[in-house]
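Quick notes on the structure that follows.
It should be emphasised that the depicted structure is a prediction, and the values quoted were computed from it without experimental measurement.
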Amino acid sequence: MGEECILKGGKATILALGKAFPHQLVMQEYLVDGYFRDTNCDNLELKQKLSRLCKTTTVKTRYVVMSEEILKKYPELAVEGIPTVTQRLEICNKAVTQMAIEASKACIKNWGGSLSDITHLVYVSSSEARLPGGDIYLATGLGMNPKTQRTMLYFVGCSGGVAGLRVAKDIAENNPGSRVLLTTSETTIIGFKPPSADRPYDLVGVALFGDGAGAMIIGTDPIVETEKPLFELHTAVQEFLPDTEKKIDGRLTEEGISFKLARELPQIIEDNVEGFCDRLMDVVGYQNKDYNKLFWAVHPGGPAILNRIEKRLDLLPEKLNASRRALMDYGNASSNTIVYVLEYMIEEGIKIRKDGGEDPEFGFILAFGPGITFEGILARNLCASCNS
């Protein structure tokens, strides 16, 4: 494939990735004892339930903002029934901004361009609430030009990273020469709660979710001498499933965010993922529906979701390697996680090519969030056409 064909199609491309994390690293094997100690809970049944969940999630390590210092300063966060949303937002607003700045700086460094060349900012978070929003604090923290055009996506949950990518794609393709910084930042402190027999489903989040930030640079017509395109974003589609809005239910209350995930969520995603992917391919007339000839960058909402997708589409086990690695190393970090998946996809591709193989040229970037909302992008792997 010629260089002119790759670089002059007018489609948005991902030009760089970056990530950042809080300093607190949690090993899954030590989480249960630490969580019950920090919340002064001695309910053996709940402790055993969390121990089982920690094994089934496949998560090994996660980064979290929560620390002993925070609990010493705000002991009320570990007490049931106390209004703490003010304290939570005080912590979260500062933490997500700091992580967003660090991820953005890492991304810009990897890109090799200049902060002054960024024309647009898309900021995504479900972990803060304030006016002005986190986009302003990120822009000022980075020292961005005040004329930078900003877009903010709040409370879109796990699909936020791919939703932000869809928005950034539209911005880049409708503003020739633009460079869009997409940044996501999340922390679980907004929903941290002590264990309760009345809310056993909370333990799933304790065992699964992590904190961090991610960033991407998106633009069209990459500059051959200075930019290295990673993925071309061919077609983006969003779709919600009617009458499923209660299946991922989040409420901002006086005690922070309360989440409920329906048991049937993995089954609902399994039942609808094939039709969604087929419709996405139909948009561009892509006829080859051998799913194993595509790459799969899937937000790892949890192992059950990945297992169901693998089963429904009859995928080879290695097709979801990048998603499973991201889940194992970082947990489900909400909107950020797709950045970590794409980084691992690039690593996997380099290994495949070093071993004399070929990684797929086309594939999907997928995420699922509240709604239930499906976000999908049919993408082209440009790393397969370049030397790594």
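- Within a 6.0 Å sphere centred on CZ of Phe362, heavy atoms belonging to other residues, nucleotides or ligands number more than 12.
- Of the options Val206, Leu203, Leu50, Asn43, a side chain to side chain contact (heavy atoms under 4.5 Å, CB included) to Pro195 is made by Leu203 and by none of the others.
- Checked for salt-bridge contact, Asp170 and Arg166 miss the test: no charged N lies under 4.0 Å from a carboxylate O.
- Between Leu208 and Leu327 there is a side-chain heavy-atom pair separated by less than 4.5 Å.
- One N or O on the side chain of Ser323 and one on the backbone of Val298 form a donor-acceptor pair closer than 3.5 Å.
- Distance OG/Ser335 to CG/Leu153: 9.5 Å, rounded to 0.5 Å.
- In this model, a donor atom of one side chain and an acceptor atom of the other lie less than 3.5 Å apart for Thr183 and Ser104.
- Residues Leu17 and Ile346 share a closest heavy-atom pair of CD1-CD1, 3.9 Å.
- One hydrophobic cluster, built from ILVMFWY side chains closer than 4.5 Å, cannot hold both Tyr137 and Val65; they sit in different ones.
- With 3.5 Å as the limit, one finds no donor-acceptor pair spanning the side chains of Thr220 and Glu173.
- Following chains of ILVMFWY side-chain contacts shorter than 4.5 Å, one cannot reach Ile136 starting from Val180, and the two form parts of different hydrophobic clusters.
- The minimum heavy-atom distance linking Gly256 with Val85 is given by the pair N-CB, 4.3 Å.
- Although no hydrogens or angles enter the test, the distance criterion places no donor-acceptor pair under 3.5 Å between the side chain of Arg62 and the main chain of Gln28.
- How far NE2 of His234 is from CZ of Arg380: 8.5 Å, rounded to the nearest 0.5 Å.
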Extract all donor-acceptor atom pairs below 3.5 Å that involve side chains of residues 30-38 and protein atoms in other chains or at least two apart in sequence.
from, atom 1, to, atom 2, distance (Å)
Asp33, OD1, Lys47, NZ, 3.2
Tyr35, OH, Lys193, O, 2.5

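- Taking the charged nitrogens against the carboxylate oxygens, Lys11 and Glu232 have no contact shorter than 4.0 Å, which rules out a salt bridge.
- Residues Gly214 and Val339 approach most closely at CA-CG2, 4.0 Å, considering heavy atoms.
- Nearest heavy-atom pair, Gly164 versus Val124, reported as atom, atom and distance to 0.1 Å: CA-CG2, 4.2 Å.
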Could you go through the side-chain contact (heavy atoms from CB on, under 4.5 Å) check for Arg353 and Cys383 one step at a time?
CA-CA 10 Å; Arg353 294 193 295 278; Cys383 297; 4.2 Å; yes
Tell me, with the steps shown, if Arg150 and Met144 meet side-chain contact (heavy atoms from CB on, under 4.5 Å).
CA-CA 11 Å; Arg150 308 180 326 276; Met144 299 184 89; over 6 Å; no
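- Two residues are said to be in side-chain contact when any heavy atoms from C-beta on lie closer than 4.5 Å; Ile118 and Leu142 fail this criterion.
- Glu358 has its side chain out of reach of Ile352: every pair of non-hydrogen atoms, C-beta onward, lies at least 4.5 Å apart.
- Annotation: side chain of Glu361 is not in contact with side chain of Asn381 (no heavy-atom distance under 4.5 Å).
- Among residue pairs with one or both ends in residues 314-336, those qualifying as salt bridge (Lys or Arg N to Asp or Glu O under 4.0 Å) are Glu310-Arg324, Arg325-Glu347, Arg325-Glu348; sequence neighbours excluded.
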Worked check of side-chain contact (heavy atoms from CB on, under 4.5 Å) between Asn321 and Lys351
CA-CA 12 Å; Asn321 273 358; Lys351 184 176 184 298; over 6 Å; no
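- Pairs engaging residues 92-103 under the side chain to side chain donor-acceptor pair (under 3.5 Å) rule: Thr97-Arg130, Gln98-Glu102 [sequence neighbours left out].
- Heavy atoms from other residues, nucleotides or ligands lying under 6.0 Å from CG of Asp355 number more than 12.
- Heavy-atom minimum distance, Ser334 versus Cys158: OG-N, 3.7 Å.
- In terms of hydrophobic clustering, with Ile, Leu, Val, Met, Phe, Trp and Tyr side chains grouped at heavy-atom distances under 4.5 Å, Ile305 and Leu241 are assigned to a common cluster.
- A heavy-atom distance below 4.5 Å is found between the side chains of Asn332 and His299.
- How far CD1 of Ile101 is from OG of Ser185: 9.5 Å, rounded to the nearest 0.5 Å.
- Using a 4.5 Å cut-off on side-chain heavy atoms (C-beta onward), Thr373 and Val156 make no contact.
- Taken together through direct or relayed side-chain contacts under 4.5 Å among Ile, Leu, Val, Met, Phe, Trp and Tyr, Leu315 and Phe368 form part of one hydrophobic cluster.
- Remark: side-chain polar atoms of Thr151 are not paired, donor with acceptor, to backbone N or O of Val122 under 3.5 angstrom.
- Legend: side chain to side chain donor-acceptor pair (under 3.5 Å) pairs involving residues 110-123, not counting sequence neighbours, sorted by first then second residue: Trp111-Glu227, Ser114-Ser116, Tyr123-Glu128.
- Partners of Lys55 under the side chain to side chain contact (heavy atoms under 4.5 Å, CB included) rule, at least two apart in sequence or in another chain, do not exist in this structure.
- Grouping the Ile, Leu, Val, Met, Phe, Trp and Tyr side chains by contacts below 4.5 angstrom, directly or via other members, places Phe155 with Met152.
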Residues 71-78, side-chain donor-acceptor partners within the protein, below 3.5 Å, at least two apart:
from, atom 1, to, atom 2, distance (Å)
Tyr74, OH, Glu90, OE2, 2.6
Glu76, OE2, Gln87, NE2, 3.0

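- Qualifying ring-ring contact (aromatic ring centres under 6.0 Å, His included) partners for Trp296, counting only residues two or more places apart in sequence or in other chains: Tyr291, Phe364.
- For Ala297 against Leu342, the heavy-atom pair with the smallest separation is CB-CD2, 3.8 Å.
- Counting heavy atoms from C-beta on, the side chains of Leu182 and Ile14 never come closer than 4.5 Å.
- Evaluation of the ring-ring contact (aromatic ring centres under 6.0 Å, His included) rule for Phe295 yields Phe231 as partners, not counting sequence neighbours.
- Every residue two or more places apart in sequence or in another chain that forms a ring-ring contact (aromatic ring centres under 6.0 Å, His included) with Phe276 is listed here: Phe374.
- The backbone N or O of Glu186 sits nowhere less than 3.5 Å from a side-chain atom of Ser127 that would complete a donor-acceptor pair.
- Remark: Leu121 CG to Gln149 CD distance equals 10.5 Å, nearest 0.5 Å.
- For Tyr63, the ring-ring contact (aromatic ring centres under 6.0 Å, His included) partners are Phe21, not counting sequence neighbours.
- Applying the salt bridge (charged side-chain N to carboxylate O under 4.0 Å, His left out) rule to Arg88 yields no partners; only residues at least two apart in sequence or on another chain are considered.
- Atom CD1 of Ile190 sits about 11.5 Å away from atom CG of Asp211, to the nearest 0.5 Å.
- Residues Arg308 and Asp271 are not paired through a salt bridge, judged by the lack of any N-O separation under 4.0 Å between the basic side chain and the carboxylate.
- Atoms CG and CE, from Leu230 and Met216 in turn, are 10.5 Å apart once rounded to the nearest 0.5 Å.
- The side chain to side chain donor-acceptor pair (under 3.5 Å) check on Arg251 picks up Asp249, with sequence neighbours excluded.
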